[in-house]
Every structure is written in structure tokens, then in C-alpha cells.
Amino acid sequence: MSKSVKRVRAALEAAGLDVEIVRTPDQTRTAQQAADAVGCEIDQIVKSIIFRGETSGAAILFLTAGGNRVDDAKAAALTGEPLGRADAALVRAQTGFAIGGVAPIGHLSPIRAFLDPRLTAFETVWAAGGTPHHVFPIAPRDLERLTGARVAGFTE
Ligand code: 5CA
């Protein structure tokens, strides 16, 4: 098991969640690929999208329903500073994961997070498990608890 997947598993276990991280035969680099692999609705896929606060330089996590897009202005209004996309190097340094497999939990450093209310419409949602070949199911409420995310609208 890769170090990335082990970090996600450790975070789930530390939170007392008995969840199996599933290895998918096909890549789950995009929300559509993940939804196809799991056989769920696209909005049940959690995209872990990372922005960079242009004033603070801090990485900020937007847990976004698979079919939604982050609205830059709404997201910036929530964070209180202008935002830019995090580049691959910042994503890697902050989370320890490579783009396409960024999990919402098990990051190298704590990260401020927001959660798309659309995700709370489902009993279970699926997030990347640390690689573009791993996903795991979680209740939105548990995702909120583990990430410390604030539920707030930031999508188009
Ligand atoms: N495993 C899938 C489904 S969970 C996944 O990770 N999807 S994702 O949407 O969370 O991750 C892909 C995201 O990475 C894209 O939405 C995009 O925001 C970001 N991304 C893709 N390419 C780049 C890049 N070159 N630089 C910065 N961010 C990127």
C-alpha cells in the first residue's frame, strides 16, 4: 500500500471510522471517472480542490460536489482574500498528495476547509484516497468533522 493511502487510512482509523479504501481498476483522476468506477451520481464524488490565498499564501481546501464548479468570487468572499489556483508543487507540499489523487484528509499539514452544501444531500459521498486509483466512502457529516470544514456555498 502506498504511503499516501496509508496516511488516509490512518486518518480514518484515528477518527474511529471503519472504512475500506477501494482500489479501482481504472483511473479515477476526474470526478466522472470516479463516479463511473463507483457507480454513483457525479455529485456524490468529493473533489478536493485547493486554492492559494494570494495575501496569506496559505492553501485552502474546497470540498466540492463532482458536478459543481468553484466560483472564484464566492470562494474569495468566504476566505476574505483573493484566491488563485494552487500549483502542483503547493498541493504536493501541503497535502503530500499528487493532483488527481488528493484526499480530503490525511494531509501533511492542517488546512482550512469549506464544504459544498450539495454534498450534504447524500447519505454517502466518495472521495479520493490518496492516489488516482483509490476512493473511499464517507458520510458528509463525518467528512465535515474530520476536515473541520465550514459548510458554505461557493459554487457557480
Ligand atoms: N480523484 C478525482 C476524483 S475524487 C480527483 O482528484 N478529482 S479532483 O477534482 O479533486 O482533482 C482534480 C483537480 O485538480 C481539478 O479539479 C483541478 O482543480 C486540480 N488540478 C488539475 N490540474 C491541475 C494543475 N495543473 N494545477 C493545479 N490544479 C490542478
Side-chain angles (χ1 to χ4, degrees), residues 1-9 11-12 17 19-54 56-76 78-79 82-109 111-140 142-144 146-147 149 151 153-156:
M1 191 185 288
S2 77
K3 277 186 188 158
S4 293
V5 178
K6 280 186 183 152
R7 272 212 320 281
V8 178
R9 194 181 60 180
L12 291 166
L17 294 182
V19 167
E20 193 194 346
I21 302 173
V22 178
R23 187 183 156 86
T24 60
D26 295 326
Q27 291 219 354
T28 52
R29 218 165 250 294
T30 66
Q32 188 61 61
Q33 287 172 342
D36 290 345
V38 170
C40 69
E41 271 188 58
I42 186 151
D43 276 353
Q44 271 178 284
I45 300 298
V46 182
K47 296 192 287 193
S48 296
I49 297 181
I50 296 181
F51 280 79
R52 179 180 179 278
E54 296 293 0
S56 64
I60 304 164
L61 175 63
F62 291 88
L63 301 166
T64 311
N68 279 346
R69 285 178 57 91
V70 177
D71 180 303
D72 292 13
K74 288 182 194 168
L78 280 180
T79 61
L83 299 175
R85 279 291 160 118
D87 65 17
L90 174 59
V91 172
R92 167 70 88 172
Q94 173 79 35
T95 70
F97 304 120
I99 285 168
V102 177
I105 58 173
H107 292 193
L108 296 179
S109 310
I111 189 169
R112 193 174 167 206
F114 296 89
L115 188 138
D116 180 355
R118 171 67 181 141
L119 290 167
T120 67
F122 303 99
E123 212 166 287
T124 302
V125 294
W126 291 77
T131 86
H133 273 285
H134 289 89
V135 290
F136 68 91
I138 188 166
D142 286 329
L143 184 59
E144 185 187 335
L146 267 63
T147 59
V151 180
F154 53 79
T155 62
E156 290 175 357

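Atoms within a ligand are numbered from 1 in the order they appear, just like the ligands themselves.
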Enquirer: Please examine the side chains of Phe136 and Ile105, heavy atoms only from C-beta on, and report whether any two atoms are closer than 4.5 Å.
Expert: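 Yes; the side chains approach each other to less than 4.5 Å.
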
Enquirer: Give me the nearest non-hydrogen protein atom to atom 1 (N) of ligand 1 as residue plus atom name, then the distance to 0.1 Å.
Expert: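 Ranked first by proximity to atom 1 (N) of ligand 1 is Thr28 O, 2.4 Å.
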
Enquirer: Using a 3.5 Å distance criterion without hydrogens, assess whether the side chain of Thr64 forms a donor-acceptor pair with backbone atoms of Phe62.
Expert: yes

Enquirer: Side chains of Leu108 and Arg7: closer than 4.5 Å at any heavy-atom pair?
Expert: yes

Enquirer: Would Ser48 count as a contact residue for ligand 1, given that I'm defining contact as a non-hydrogen atom of the residue lying under 4.0 Å from a ligand atom?
Expert: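 For ligand 1, residue contact (heavy atoms, under 4.0 Å) with Ser48 is present.
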
Enquirer: I want to confirm something. Looking only at heavy atoms, which of Ala35, Pro132, Gly100 is nearest to atom 6 (O) of ligand 1?
Expert: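 Heavy atom nearest to atom 6 (O) of ligand 1 belongs to Gly100.
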
Enquirer: Asp87 versus ligand 1: do any nitrogen or oxygen atoms come within less than 3.5 Å of each other?
Expert: no

Enquirer: For atom 13 (C) of ligand 1, is the nearest protein heavy atom closer than 4.0 Å?
Expert: no

Enquirer: In terms of atom number and element, which parts of ligand 1 are under 4.0 angstrom from non-hydrogen atoms of Ala128?
Expert: 1 (N), 4 (S)

Enquirer: Determine whether the side chain, the backbone, both or neither of Arg29 has a heavy atom under 4.0 Å from any heavy atom of ligand 1.
Expert: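 Backbone only; the side chain of Arg29 stays clear of ligand 1.
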
Enquirer: Indicate yes or no: at least one non-hydrogen side-chain atom of Thr79 is less than 4.5 angstrom from one of Phe51.
Expert: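 Side-chain contact under 4.5 Å: no.
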
Enquirer: With heavy-atom distances below 4.5 Å as the criterion, would you say the side chains of Arg52 and Asp87 are in contact?
Expert: no

Enquirer: Is Asp71 close to Thr155 at the side-chain level, that is, under 4.5 Å between some pair of heavy atoms?
Expert: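 When only atoms from C-beta onward are counted, Asp71 and Thr155 do not touch, as no gap falls below 4.5 Å.
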
Enquirer: Could you tell me whether the side chain of Gln33 reaches within less than 4.5 Å of the side chain of Asp26, counting heavy atoms only?
Expert: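 No, every pair of side-chain atoms sits at 4.5 Å or beyond.
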
Enquirer: Check for me whether Val46 has a heavy atom closer than 4.0 Å to any atom of ligand 1.
Expert: yes

Enquirer: Under a 4.0 angstrom heavy-atom cut-off, which atoms of ligand 1 come close to Arg85?
Expert: 17 (C), 18 (O)

Enquirer: Between Thr131, Val70, Ile99, flag the one that comes closest to atom 19 (C) of ligand 1 by a heavy atom.
Expert: Ile99

Enquirer: Quick one: salt bridge (charged side-chain N to carboxylate O under 4.0 Å, His left out) partners of Glu123, sequence neighbours excluded?
Expert: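 Glu123 satisfies salt bridge (charged side-chain N to carboxylate O under 4.0 Å, His left out) with no other residue.
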
Enquirer: Below 3.5 angstrom, do we get any N/O pair linking Thr30 and ligand 1?
Expert: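 No, since none of the N or O atoms of Thr30 sits under 3.5 Å from an N or O of ligand 1.
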
Enquirer: Considering only heavy atoms of Ala86, which atoms of ligand 1 have at least one such atom less than 4.0 Å away?
Expert: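 Those of ligand 1 that fall under 4.0 Å from Ala86 are 26 (N), 27 (C), 28 (N).
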
